[in-house]
Amino acid sequence: MTTTLDQEGEMMHRYHLRINGKDVDPAGGDWFDSYDPFRGQPWAQIPRGTADDVDAAVQAAHTAFTTGDWAELTPSARGKLLHDIGSHLASHSEELARTEVRDNGKLFAEMSAQTAYIPQWFYYYGGLTDKLEGTVIPIDKKGYFTFTRTSPVGVVGIITPWNSPLLLLTWKLAAALAAGCTVVIKPSEHTSASTLEFVALLEEAGLPAGVVNVVTGFGADVGSPLVDHPLVRKISFTGSDNTGRRINEQAAGQFKHVGLELGGKSPNIIFADADLDAAVNGAISGIFAATGQTCIAGSRLLVQRSVHDDVVQRVVELAQTARMGDPADPNTQVGPVTTRDQYEKVLSYIDIAAGEGAQLRLGGRPADRPECGDGWFVEPTIFTGVDNSSRLAQEEVFGPVLAVIPFDDEADAIAIANDSRYGLGAGVWTSDIGRAFRMSEAIQSGTVWVNTYRAVSYMVPFGGVKDSGIGRENGIGAVGEYLDTKSVWINTGAPTGNPFVIR
Ligand code: NAD
């Protein structure tokens, strides 16, 4: 990173691509601005990568995969290296969080909790590297010894979104490295800075050059050539379902492995028998804590009719107390929306919901509080009387907009919850243990939280069903997403006979 002055004489950070362990200028010689969402101003210059940069990065990753220090590491040594990386990242977690806040405007409290948690993925997956065992198959034919062994799939292309850049990158990267793969990362064009700083730290901790490379830029210029590159054997993507669909179709042309973590329209379901104080807290943190900019936002609040009005009143009252402002201030509870486009999209959904006949109970407009300055802020917004077939209930807003939908009984709640093309997360608030089990079985989603919401861990598989994605991250199984299985047959019996002799 270097520092330059912009036209007004303000200091600007200028970043470089990270290819083969070196800071590199983009082949096309272009940079673009990254914006600070709280100030609505550019703060950094990000290299505008092209297909040539992608090719250089993939070639570096391919070389590191096939020859050299990384390829020759024993699994145990690879594990030790991942552990060292975790420790090094732990000692830099706060500065990484500050860069994330500057770039995506999410709360320092949330981003610093994420960057402080990231090392655990490297410790956990570092512990798995020397346990990737094959199996001996008790084969049904005489005269054979048959076993399986695993091998890394090869060069992995990782494409990430802007909402939690480093955490979501880590979910993929730690598992891919544990498997022995090498990587080219294409971060979101809105939040590339922290990824470039992060990868430099991996190399400081001892990761050989070329194992992890970063090419920044736009989807069409960098993401698409990465998906197309013949030396890339797997694409691991987190982002919107529209981009995910395109990537899946493109990757299918070369039969690449694909992992897709996509969008959601998660139901957060409050039954009348729940601890309503806890449920209301869960409803608020499910949608407003990250300004609604999380794939698992509990954006559909399903409330049993007998407690509906009471719950709505409490949710509105609590949401009204949210302190908005500078995301770097630890007292701020709701920050800005990350990009101007996203800010406009959120406001357009508020108009759509009003046009669909939903009742606006809170917010519904840009925040013009003095503490919000020139940032892209939207007031926490709550609509009631939302029809589950409406666009507000079916489409991902990715902002601080809550759709409240009443239901009658368990069967009704299940029907509404599952009437969605998405299936990423769901919350159930109840004091009935039988209901908790029934609901967790009936809801079509990758995760169900009971009497809690938005908990994640490196140990617990995460992913979606339906349009929310393909594959799972986190947990032991996730390393398998970066491995191929090879079956080996050894003839221990009679020599192979002449196939043309009739026996
Ligand atoms: P996006 O799909 O617009 O972009 C994601 C990434 O894909 C970016 O790096 C972008 O540059 C790249 N890209 C765009 N077009 C491409 C192309 N043609 N080929 C290859 N790459 C391309 O998503 P976003 O707006 O950055 O992120 C928000 C979305 O991410 C939401 O839908 C959200 O639900 C989803 N998300 C999902 C999870 C999850 O784990 N399931 C987590 C966070 C966010």
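Remember, it's 1-based here, ligands and their atoms both numbered in the order they're listed.
Residues Thr170 and Tyr117 have side chains that never bring a donor and an acceptor to within less than 3.5 angstrom of each other.
Less than 6.0 angstrom separates the ring centroid of Phe398 from the ring centroid of Trp162. Between Trp171 and Phe462, the ring center distance clears the sub-6.0 Å criterion.
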Between the protein and ligand 1, which nitrogen or oxygen pairs come in under 3.5 Å, and how far apart is each?
unit_1	atom_1	unit_2	atom_2	d
ligand 1	2 (O)	Ser240	N	2.9
ligand 1	2 (O)	Ser240	OG	2.6
ligand 1	2 (O)	Thr243	OG1	2.8
ligand 1	9 (O)	Thr160	O	2.8
ligand 1	9 (O)	Lys186	NZ	3.1
ligand 1	11 (O)	Lys186	NZ	2.6
ligand 1	11 (O)	Glu189	OE1	2.6
ligand 1	23 (O)	Ser240	N	3.3
ligand 1	25 (O)	Trp162	NE1	2.9
ligand 1	26 (O)	Trp162	NE1	3.3
ligand 1	30 (O)	Gly239	O	3.3
ligand 1	32 (O)	Glu396	OE1	2.6
ligand 1	34 (O)	Glu396	OE1	3.3
ligand 1	34 (O)	Glu396	OE2	2.5
ligand 1	41 (N)	Leu262	N	3.3
ligand 1	41 (N)	Leu262	O	2.8

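Sorted by first then second residue, the ring pair (Phe, Tyr, Trp, His ring centres under 6.0 Å) pairs that include residues 227-267, not counting sequence neighbours, number zero.
For the atom pair CD1 of Ile247 and OG of Ser240, the computed distance is 8.5 Å after rounding to the nearest 0.5 Å.
A cation-pi contact, defined as under 6.0 Å to the ring centre and within 45° of the axis, is absent between Arg361 and Phe383.
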